[in-house]
Amino acid sequence: MSVVPEATASGTAPYAEPGTHPNIPAWWRRSSDVRLQALARAARPDYEAWLSHVKPASACTRPVRLAGTIATVEAATGRLLAERATADMPDGVIYKPCGNRRESVCPSCSKLYQNDAYQVVRTGLVGGKGVPEQVAHHPAVFPTFTAPGFGEVHTRVVKRHTCARRKDCDCRPEPCHARRDLTVCPHGVRLACFARHAGDDPRLGTPLCLDCYPYEAHAVWNLMAGELWRRTSIAVNRYIRRLAKARGIPDVAAMTADGKLRMVPPVRLSFGKAAEMQRRGIVHFHAIVRLDGVDPTDPAATVPPPPGIDAHDLVDAIDHATATVGFTTAPHPERPGGWHIGWGEQILTKVITVAGHGEVTDGQVAAYLAKYATKATEITGHSSARLHPDTIDLYADRHGTHTERLIDACWRLADVRWRCPAALCRHHHSCPVCIERRAAAATPEPSRYARLRRWAHMLGFGGHFLTKSRRYSVTFALLREQRIIFRRAQTSGPETTGTGTEPTTLVVNFLQFVGAGWHTSADAMLANTSAAMAREHAEAARQALQTLAA
């Protein structure tokens with residue numbers, strides 16, 4: 001738990017130091033003993049007001065502190081009705097949850113993000129929250145796109161599971177890489193492993209030989225995974241449209257944004273995608289592909305697809321796209337011919353059902369994708385913030401561990417300047433190697449490799465871990481706005497007129513960032529304990545209501 005506050009922003013007002021009771025020594029607040037800090041806080045006369053004040057961020061491990069003023073103005077005239085400064089509040093600041101989606105950073109905020117992600121994914125499958133409920137009858141599939149293999153790594157394979165929960169699997173795995181021949185790589189490493197790795201073995205995902213592994217190709221694939229997905233989605237769309245044309249499904253005349261009529265295909269696809277970081281430090285994608293129709297009068301509406309195309313056609317379209325889509329990256333000084341980017345051989349597509357039977361249900365898919373929305377690179381053993389020249393040496397090492405070498409490859413490939421391998425090269429205009437490297441560096445495309453340095457802490461992957469197409473379902477912003485409205489309805493929100501729904505007063509915040517984190521470890525402990533007790537009380541009340549209803 002990160003409880004140490006950051007330095008205040010330049011030019012901002014400092015937060016108020018918590019006081020103590022007259023009978024409590026002042027040094028208790030500054031003591032390293034959490035018990036004394038907690039007593040100093042609990043002995044304050046405004047302790048209950050402080051608990052109520054920090055309630056919105058009480059479960060957050062690293063809340064944001066804001067200072068400034070809050071003004072209440074009249075909506076019709078703009079007249080200032082009331083104004084309150086944060087200096088008059090406990091600690092002189094307002095605590096706001098950090099909102100981090102990573103479970104390893106803030107479990108509370110990531111749980112809220114996971115719940116929203118579940119609603120975003122499941123709404124696109126069953127409807128609700130503004131999405132028509134008829135989407136539950138649209139054909140939908142759940143494909144998994146994996147990356148190609150860049151070398152043999154330590155794995156844990158269980159051919160037959162007898163455990164009740166895969167998360168706590170204790171089944172006997174197969175040997176990692178059992179071989180009878182004594183194959184040895186050029187670096188003298190025997191390419192075999194007879195160990196039956198446990199689920200928490202740190203060797204899982206690491207190459208059998210670190211020196212043979214192509215870390216440059218691995219980093220570039222992570223960087224270009226988003227572009228590969230974009231091309232794949234285009235290929236799937238084109239396949240379905242060609243199929244509709246071949247089966248005699250006519251195009252429809254739809255109204256465009258500029259008010260003109262034009263013929264458009266009768267079907268379109270909506271996508272939802274989650275990225276999962278594997279142990280070997282490479283991403284693969286879990287996606288939802290839903291087939292929709294086109295409404296000529298309202299192109300933005302979600303309507304059922306025309307008869308003649310089903311979910312099995314979507315499976316064929318995805319298999320065709322993954323087998324044909326691939327491209328070569330722009331030249332790079334380290335590889336003038338570029339790297340080939342394509343999918344791996346392990347592509348699995350399942351049909352989604354909403355009736356509770358079939359390969360996979362909507363609830364299972366939504367829970368599966370929402371789970372990965374709160375994860376990043378923790379499974380690889382690496383977890384850090386964005387790297388910069390002052391911290392790169394702490395995480396990158398060309399001769400270190402698997403993740404350290406991968407981060408080093410990201411950092412090196414971001415520098416597209418060419419260097420002649422000749423030790424005593426002085427004739428750059430006549431040296432053939434220099435001419436080739438200079439020609440590769442002169443192309444405008446290698447600037448894309450500069451993104452590797454920005455996303456080196458993510459092992460080269462710079463995409464979001466949960467994305468969707470525009471018409472798939474609702475947005476996170478809509479869910480958050482509905483949550484704000486619900487909370488304001490429960491508390492004393494803005495005054496409203498008797499007939500309309502527009503508020504008669506508006507709350508305008510003039511707040512600025514002054515720091516992050518709790519003041520002391522005791523504040524973090526007291527706030528999180530209060531939040532845990534509130535959750536237990538709410539759960540007990542919910543169970544009591546269910547028992548009473550039964």
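Note that the structure is a prediction, hence the values are computed from the model and not measured.
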Can you tell if the side chain of V351 reaches within under 4.5 Å of the side chain of F142, non-hydrogen atoms only? no

Testing the 3.5 Å rule here: is there a donor-acceptor pair between the side chains of T302 and D292? no

Rounded distance [0.5 Å steps], CZ in R156 versus CG in D200: 9.0 Å

I need the L269 CG to L291 CG distance, nearest 0.5 Å. 6.0 Å

Could you label the plane-to-plane angle of the F465 and F461 rings as parallel, tilted or perpendicular, counting under 30° as parallel and over 60° as perpendicular? perpendicular

Yes or no on side-chain contact (heavy atoms from CB on, under 4.5 Å) for I288 and L369, after CA distance, side-chain angles and deciding distance? CA-CA 9 Å; I288 296 175; L369 267 63; 4.0 Å; yes

Given the rule in the side-chain contact (heavy atoms from CB on, under 4.5 Å) test, do R386 and R454 qualify, once you have shown the distances and angles that lead to the verdict? CA-CA 7 Å; R386 179 160 285 136; R454 175 178 175 83; 3.6 Å; yes

Within a 6.0 Å radius of atom CD on E133, are there more than 12 heavy atoms belonging to other residues, nucleotides or ligands? no

For V64 against C98, the heavy-atom pair lying closest together: CG2-CA, 4.2 Å

Heavy-atom nearest pair, L452 first then G460, reads CD2-CA, 3.9 Å

To the nearest 0.5 Å, what is the distance between NE2 (H218) and CG (N222)? 4.5 Å

How about W229 and F145: are their ring centres within less than 6.0 Å of each other? yes

Rounded to the nearest 0.5 angstrom, the OG1-CD distance for T155 and Q278 is 11.5 Å

Is there a side-chain contact between L210 and H402 in this structure, where contact means two heavy atoms from C-beta onward sitting under 4.5 Å apart? yes

Looking only at non-hydrogen atoms, find the nearest pair between C60 and W518 and report the distance. O-NE1, 3.1 Å

If only atom types and distance count, is the side chain of R483 paired as donor or acceptor with the main-chain N or O of L478 below 3.5 Å? no

Between S473 and G124 the two heavy atoms that sit nearest each other are CB-N, 3.6 Å

Donor-acceptor under 3.5 Å (E227 side chain, A225 main chain): no

Side-chain donor or acceptor of D201 paired with backbone N/O of H197 under 3.5 Å: no

Could you walk me through whether D91 and R41 pass salt bridge (Lys or Arg N to Asp or Glu O under 4.0 Å), step by step? CA-CA 11 Å; D91 293 351; R41 170 63 77 176; 3.2 Å; yes

Inspect the surroundings of CD in E74 and state if more than 12 heavy atoms from other residues, nucleotides or ligands are less than 6.0 Å away. yes

Nearest 0.5 Å, please: how far is CG in L479 from CG in D116? 5.0 Å

State, yes or no, whether a side-chain contact exists between M525 and V34 at a heavy-atom distance under 4.5 Å. yes

Would a 4.5 Å heavy-atom cut-off, applied to side chains only, mark I407 and L459 as touching? yes

Do Q346 and T146 get their side chains close enough for a donor-acceptor pair, meaning under 3.5 Å? no

Assess the residue pair M89 and I70 against the criterion (side-chain contact (heavy atoms from CB on, under 4.5 Å)); give the C-alpha distance rounded to whole Å, side-chain angles, the decisive distance to 0.1 Å, and a yes or no. CA-CA 11 Å; M89 301 178 182; I70 303 173; 4.0 Å; yes

Verdict with reasoning, H53 to I94, per side-chain contact (heavy atoms from CB on, under 4.5 Å): CA-CA 8 Å; H53 180 63; I94 290 179; 4.2 Å; yes

In terms of heavy-atom contacts, does CZ of R172 have more than 12 from other residues, nucleotides or ligands at under 6.0 Å? no

Is any side-chain heavy atom of R280 closer than 4.5 Å to one of H154? no

May I ask you to decide if the ring planes of W343 and W221 are parallel, tilted or perpendicular, using 30° and 60° as cut-offs? perpendicular

At their closest point, which heavy atom of S110 faces which heavy atom of E103, and how far apart are they? OG-CA, 3.3 Å

Can you check whether L66 reaches T86 side chain to side chain, under 4.5 Å on heavy atoms? no

State whether the side chain of T69 and the backbone N or O of R84 hold a donor-acceptor pair below 3.5 Å, judged by distance alone. no

Can you find a side-chain donor-acceptor pair between H382 and T377 that sits under 3.5 Å? no

Closer than 3.5 angstrom, by distance alone: can the side chain of R290 be matched with the main-chain N or O of Y472 as a donor-acceptor pair? yes

How about F150 and Y215: are their ring centres within less than 6.0 Å of each other? no

For the pair H286 and H284, name the ring-plane relationship: parallel under 30°, tilted 30 to 60°, perpendicular over 60°. perpendicular

Does NZ in K371 sit with more than 12 non-hydrogen atoms of other residues, nucleotides or ligands closer than 6.0 Å? yes

K129 versus T123, side-chain donor and acceptor atoms under 3.5 Å: no

Min side-chain heavy-atom separation L223-R451 under 4.5 Å: yes

What class does the angle between the rings of F476 and Y113 fall in, given that below 30° is parallel, 30 to 60° is tilted and above 60° is perpendicular? parallel

Between N509 and L511 (side chain of the first, backbone of the second, donor and acceptor by atom type, cut-off under 3.5 Å), is there such a pair? no

What closest approach, in Å, do I379 and M277 show between heavy atoms, and which atom pair accounts for it? CG2-O, 3.2 Å

Do I347 and T144 have side chains that get closer than 4.5 Å, going by heavy atoms? no

